[in-house]
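One structure below.
Just so you know, these numbers come straight off a predicted model, no measurement behind them. For this chain, numbers begin at 1 and follow the sequence in order. Below, all heavy atoms of this structure are taken into account, side chains as well, without hydrogens, waters or symmetry copies.
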Amino acid sequence: MTIQWFPGHMAKARRQVTENLKLVDIVFELIDARLPMSSRNPMLDDIIHQKTRLLILNKADMADETQTKRWIEYFKEKGHHAVAVNSLDSKGLKRVTKAAEEVLKPKWDRMRAKGLKTRAIRAMIVGIPNVGKSTMINRLAKKNVARTGNTPGITRSQQWIKVEKELELLDTPGILWPKFEDQEVGYKLAVTGAIKDTIMNMDDLAIYGLNFLAKHYPKRLEERYKITEVAEEVVETYNHIGKLRNVKAAGGEIDYDQVSELIIRDIRNEYLGTLTFDFVEDYE
Ligand code: GDP
């Protein structure tokens, strides 16, 4: 999905999240495990204020496991509960319900102590485009989609999905915008495919990817492209990869555009292994 984020759209998206917030006990903030910082909406804190939140690092199957563990610790230290999942794996998603129960336990205990009847936890998913919101909702929904009927405050198109006895999820996710101000964030979102259609120059993107790999994952570069660093004249590296992978134009010379595409495809399709592009140590 491509969304052009203009100020009007941002205001509308924000308004929608604010409206739905009133209906839920907890916000599931979906972030890309490969980009635990760059895939967050910069204004979410502002939008949800004190509402209880669970951070869900989705696409954990594509991320560097060591970094994911460190990120979970990092968020814990900042006072956030966080859990890593792969939304394509329905079984693993049970962790989400469990984590939500844990986060809300103190509140639920207080309600019980006052003799109030407890009900299922109500949650909504919020995140930037492509982070996996629909996938997670569909996997959690199984077949338990219940019409909302005439619950006040819910538009008729919205439904509560009964995930388990303990959890109900709003079927409409809050779609928020990524950060655009920072060029490096743009590169990271684009190179991982978190933003697919991008006006970014493919060569710049591929070179960014190569340099990142050389710095953080040199072994993977060596395994895939038989190099450990990017040459000062990047064209030499392109010639090398082009020859190695036989990326040639009709005339027999290296097709540099195709080399760029190949590098980006390799990164996005995990041919260079599981990768994380936000390193926790850069944010400590
Ligand atoms: P949305 O725009 O946030 O609703 O994102 P989608 O649910 O449409 O997901 C975007 C893409 O990411 C789709 O191709 C999904 O199959 C893929 N995807 C979503 N979650 C995961 C995950 O946990 N692991 C992997 N490998 N892919 C995922």
Side-chain angles (χ1 to χ4, degrees), residues 12-31 36 39-58 60 72 75-85 87 90-128 131-176:
K12 189 171 171 216
R14 185 184 175 133
R15 226 167 23 243
Q16 271 169 356
V17 172
T18 307
E19 271 306 303
N20 286 341
L21 265 185
K22 296 177 197 153
L23 309 171
V24 301
D25 305 298
I26 185 167
V27 171
F28 292 163
E29 182 187 355
L30 222 59
I31 57 186
S39 65
R40 298 183 79 184
N41 172 275
M43 290 181 70
L44 193 66
D45 286 351
D46 240 29
I47 298 172
I48 74 170
H49 297 292
Q50 300 302 315
K51 182 70 80 177
T52 309
R53 167 177 9 187
L54 172 65
L55 278 167
I56 303 179
L57 281 73
N58 193 38
I72 302 258
F75 289 127
K76 218 185 254 172
E77 275 164 29
K78 302 260 178 234
H80 287 305
H81 298 264
V83 61
V85 301
S87 280
S90 302
K91 263 194 230 140
L93 281 180
K94 285 201 188 310
R95 293 234 283 292
V96 172
T97 311
K98 237 181 110 218
E101 282 183 295
E102 265 168 44
V103 178
L104 281 168
K105 191 173 180 300
K107 190 176 165 191
W108 256 226
D109 283 348
R110 277 199 303 278
M111 279 169 78
R112 265 188 218 109
K114 285 187 202 154
L116 294 169
K117 195 168 173 282
T118 51
R119 49 168 173 74
I121 292 167
R122 291 196 180 135
M124 73 181 285
I125 289 179
V126 165
I128 65 170
V131 71
K133 296 180 296 299
S134 325
T135 307
M136 182 173 289
I137 290 171
N138 289 334
R139 295 286 163 135
L140 285 173
K142 291 169 232 150
K143 292 192 183 112
N144 302 329
V145 180
R147 278 241 143 254
T148 43
N150 54 5
T151 312
I154 307 182
T155 57
R156 231 184 314 166
S157 60
Q158 280 178 345
Q159 302 178 8
W160 287 108
I161 292 163
K162 210 161 176 51
V163 178
E164 307 205 22
K165 201 165 82 261
E166 307 84 0
L167 179 68
E168 288 175 5
L169 183 66
L170 209 56
D171 77 338
T172 320
I175 307 169
L176 294 172

Shortest non-hydrogen contact from [X] toward [Y]:
{"X": "Asp171", "Y": "Ile137", "result": "O-CD1, 3.6 Å"}
{"X": "Leu54", "Y": "Ala99", "result": "CD2-CB, 3.8 Å"}
{"X": "Glu102", "Y": "Pro106", "result": "O-CD, 3.8 Å"}
{"X": "Gly174", "Y": "Met124", "result": "N-CE, 4.2 Å"}
{"X": "Ile31", "Y": "Ser39", "result": "CB-OG, 3.6 Å"}

Applying side-chain contact (heavy atoms from CB on, under 4.5 Å), name anything that partners [X], two or more places apart in sequence or on another chain.
{"X": "Ala82", "result": "Leu55, Leu57, Ile72, Phe75"}
{"X": "Ala60", "result": "Ala33, Ala84"}
{"X": "Lys107", "result": "Asp25, Leu104, Arg110"}
{"X": "Glu166", "result": "Thr97, Glu101, Glu164"}

Would you say that [X] contacts [Y] through its side chain, given a criterion of any heavy-atom pair below 4.5 Å between the two side chains?
{"X": "Lys133", "Y": "Ile175", "value": "yes"}
{"X": "Val126", "Y": "Pro173", "value": "no"}
{"X": "Val24", "Y": "Trp160", "value": "yes"}
{"X": "Ile56", "Y": "Val96", "value": "yes"}
{"X": "Lys76", "Y": "His81", "value": "no"}
{"X": "Leu93", "Y": "Met136", "value": "yes"}

Could you tell me which residues satisfy side chain to side chain donor-acceptor pair (under 3.5 Å) with [X], sequence neighbours excluded, listed by chain and number?
{"X": "Lys78", "result": "none"}
{"X": "Asn41", "result": "none"}
{"X": "Arg15", "result": "none"}
{"X": "Lys22", "result": "Glu19"}

Calculate, to the nearest 0.5 Å, the distance between atoms [atom1] and [atom2] belonging to [X] and [Y] respectively.
{"X": "Met43", "Y": "Leu176", "atom1": "CE", "atom2": "CG", "answer": "9.5 Å"}
{"X": "Ile48", "Y": "Leu21", "atom1": "CD1", "atom2": "CG", "answer": "6.5 Å"}
{"X": "Ile121", "Y": "Leu169", "atom1": "CD1", "atom2": "CG", "answer": "11.5 Å"}
{"X": "Leu140", "Y": "Leu167", "atom1": "CG", "atom2": "CG", "answer": "7.0 Å"}

- So, does Trp108 use its side chain to make a donor-acceptor pair with the main chain of Arg119 at under 3.5 Å?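 A pair under 3.5 Å: yes.
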- Task: Only pairs at least two apart or in different chains count here, so list each side chain to side chain donor-acceptor pair (under 3.5 Å) that has a residue in residues 44-58.
- Result: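 For residues 44-58, and leaving out neighbouring residues, the side chain to side chain donor-acceptor pair (under 3.5 Å) pairs sorted by first residue read Glu29-Arg53, Asp45-Arg53, Asn58-Ser87.
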- Message: Run the salt bridge (Lys or Arg N to Asp or Glu O under 4.0 Å) test against Lys105 and tell me which residues pass, sequence neighbours left out.
- Response: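 In terms of salt bridge (Lys or Arg N to Asp or Glu O under 4.0 Å), with neighbours along the sequence ignored, Lys105 is linked to Asp109.
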- Query: Taking only residues two or more places apart in sequence or in another chain, which ones pass salt bridge (Lys or Arg N to Asp or Glu O under 4.0 Å) with Arg95?
  - Reply: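 None.
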